[in-house]
Amino acid sequence: MGKTFGKRLRTNRQERLLSRRDLGEPGLAEREVSLLESGRREPGQQMLSHLAARLASAPGCPPRPGGPNGALYLGLCASQAWDERSYFECLETAVAAAAAARAEGDGEDWFELSLLAGNARLKLGHYRFCIRQASALARHPQARGRAELRARALELLARACQGAGRLPAAVRHGREAVDSAQEGPVPAEVSLAACLSLAAALTESGRVSQAWEYCRVMLLPLAEAVPDTLLAGKAFWAVGNVAFRRGDAAAGVRYHQRAAALLSPRLDVGLWASFNKASASMRLASGLHDEQTFTCIRRAEAALAVVGASPGDALDIIHAHGRWQHLNGNYARAVDLLSEVWDARGLLSPQTAAEVALQLGLSLGRLGQAEAPRRHLEESESLFRLAGAPDRSGHVRTLADALAEHPGPAR
């Protein structure tokens, strides 16, 4: 279960000065409302209608449509679709809810629902549309007047640029998100999200030294101080990623272990799946193919079986298995798996496709082939360069040169 629905319900209730008992009456106990707000119970259709109607008729508040075409009902439905990882449904419903909120004169709710739609676009890989929407939100007068809203829009923009392989732009907007978060009082979750977007963009673009310094100065103190276990877990996860990428596998393992202790599947199964998938990827990239690495892959698969795997998730898992097979010397099986991912590279970001091409080229080289490895390494170099990761592109060029001179490169 996710918590987006519960957070929206609680916010709507508190804005109308309703107690949980007031919101539940008649027919819904105060404890049931509490379970809904904490994400420990999922609402049915009839319950959604009841809650929207109660919110719309709150005493002392301007009347709002509470029916199926109103922003209150549609916003709750969109939030629940997000928690269920039904991102197409979330996008469609959030767009309709945002239009309803605008028609009802609620500009703040329009902004929130537009952000939700943008995040759904990001999950679906609609990066160009997400970039366009996030850019418009970051420039909107509401964002210019509130540091929190501007930071959230810029953080979304940074992640969309990273997904689209526009890494220099991702770094720039990540910095802007952090700057905006520091301009005024914002929730810890917003500050952390901005910091994470910058750390990820710096790391992906090859600026690992900058990313590590940023982690040391900003992310680690935040992780140690924030009381929310999920937020702290996300921070340690990000720090571990950077440690792995800078070649310090011991530190990477240590920080990911701290993250794993905080990111319980009982709290957020989807997040648990994403963490284990990413941790396996980082470990494999560092040459770790031990039992703990395979445990991460199995945990990710099990969690995704519960919440539902997107096409991108499925490709990530196949990619991880391919890298695992390569590191264990099963090069023919690695080629089969990595070729499957490469054939679907249109669903991947340029930098991820570049990683797949690199690994596929190395596996083919291990099988004694010459032309196919060279071709895939050239593809990898080009994709890294396109994404704005010159360090990675140069690394692949070095590997390609070594392969040309000595077929069968090191693992």
Side-chain angles (χ1 to χ4, degrees), residues 1-3 38-39 155 158-159 162 174 177-178 181-182 186-204 207-304 306-307 313 316-317 320 323-324 327:
M1 296 183 192
K3 295 187 176 182
S38 65
E155 179 264 336
R159 289 190 293 132
Q162 181 175 333
V178 171
Q182 293 175 337
V186 301
E189 181 177 359
V190 174
S191 293
L192 180 60
C195 291
L196 294 178
S197 71
L198 177 55
L202 287 169
T203 304
E204 283 291 296
R207 306 182 202 181
V208 181
S209 296
Q210 292 182 45
W212 183 249
E213 181 64 15
Y214 184 73
C215 287
R216 190 182 65 81
V217 174
M218 295 284 292
L219 269 181
L220 277 176
L222 187 59
E224 299 288 359
V226 68
D228 188 303
T229 56
L230 286 181
L231 292 182
K234 289 179 181 179
F236 287 125
W237 171 6
V239 173
N241 288 349
V242 179
F244 274 119
R245 289 293 292 270
R246 71 192 292 262
D248 190 348
V253 168
R254 186 169 66 253
Y255 286 119
H256 274 200
Q257 287 174 339
R258 294 191 69 178
L262 297 168
L263 299 175
S264 166
R266 295 190 304 274
L267 298 175
D268 191 325
V269 180
L271 185 63
W272 179 248
S274 297
F275 164 69
N276 279 283
K277 181 161 61 75
S279 189
S281 177
M282 288 293 171
R283 294 175 70 94
L284 290 165
S286 298
L288 298 177
H289 52 109
D290 54 9
E291 182 59 31
Q292 183 57 44
T293 300
F294 200 64
T295 296
C296 288
I297 298 175
R298 289 199 302 265
R299 284 175 176 169
E301 289 176 316
L304 288 170
V306 173
V307 300
D313 290 329
D316 287 341
I317 293 296
R323 296 171 88 171
W324 170 268
L327 289 172

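Nothing here was measured: the structure is a model prediction, and the numbers come from that model.
Contact check on Asp268 versus Lys3 returns no salt bridge, with no Lys/Arg side-chain nitrogen under 4.0 Å from an Asp/Glu carboxylate oxygen. Salt bridge Arg207/Glu213: absent, no basic N to carboxylate O contact under 4.0 Å.
Residues Tyr255 and Leu220 meet the side-chain proximity criterion, which asks for heavy atoms closer than 4.5 Å. Between Asn241 and Thr203, every side-chain heavy-atom pair lies at or beyond the 4.5 Å cut-off. The shortest distance between side-chain heavy atoms of Val253 and His256 does not fall below 4.5 Å. Residues Trp212 and Arg245 are not in side-chain contact: their nearest non-hydrogen atoms beyond the backbone lie 4.5 Å or more apart. The shortest side-chain heavy-atom distance between Gln182 and Met218 falls under the 4.5 Å cut-off.
For the residue pair Ser197 and Gly174, the shortest heavy atom distance occurs at OG-CA, 3.9 Å. What you find for Cys296 and Arg283 is that their closest heavy atoms are SG-CD, 4.3 Å. Residues Phe244 and Ser286 come closest through the heavy atom pair CD2-OG, 3.2 Å. Considering every non-hydrogen atom in both Val178 and Leu198, the closest pair reads CG2-CD2, 4.0 Å. In terms of heavy atoms, Ala223 sits closest to Ala232 at O-CB, 3.6 Å. Smallest separation of non-hydrogen atoms from Gly233 and Ala259: O-CB, 3.4 Å.
No more than 12 heavy-atom neighbours from other residues, nucleotides or ligands sit within 6.0 angstrom of CD on Glu189.
Taking CH2 of Trp272 as the reference point, atom CZ of Arg266 lies at 9.5 Å (rounded to 0.5 Å). Atom CG in Asp248 sits 7.0 Å away from atom CZ in Arg254 (nearest 0.5 Å). Gln162 CD to Leu202 CG: the interatomic distance, rounded to the nearest 0.5 Å, is 9.5 Å. Between Leu304 atom CG and Asp313 atom CG the span is 5.0 Å, to the nearest 0.5 Å. The distance from atom NZ of Lys234 to atom CG of Leu219, rounded to the nearest 0.5 Å, is 12.5 Å. For the atom pair CH2 of Trp237 and CG of Leu262, the computed distance is 13.0 Å after rounding to the nearest 0.5 Å.
Between His289 and Trp324, the angle of the ring planes goes over 60°, which puts this pair in the perpendicular group of the 30/60° scheme.
Remark: side-chain polar atoms of Ser274 are paired, donor with acceptor, to backbone N or O of Gly270 under 3.5 angstrom.
Defined by atom type and a distance below 3.5 Å, a donor-acceptor pair is missing between the side-chain atoms of Ser279 and Asn276.
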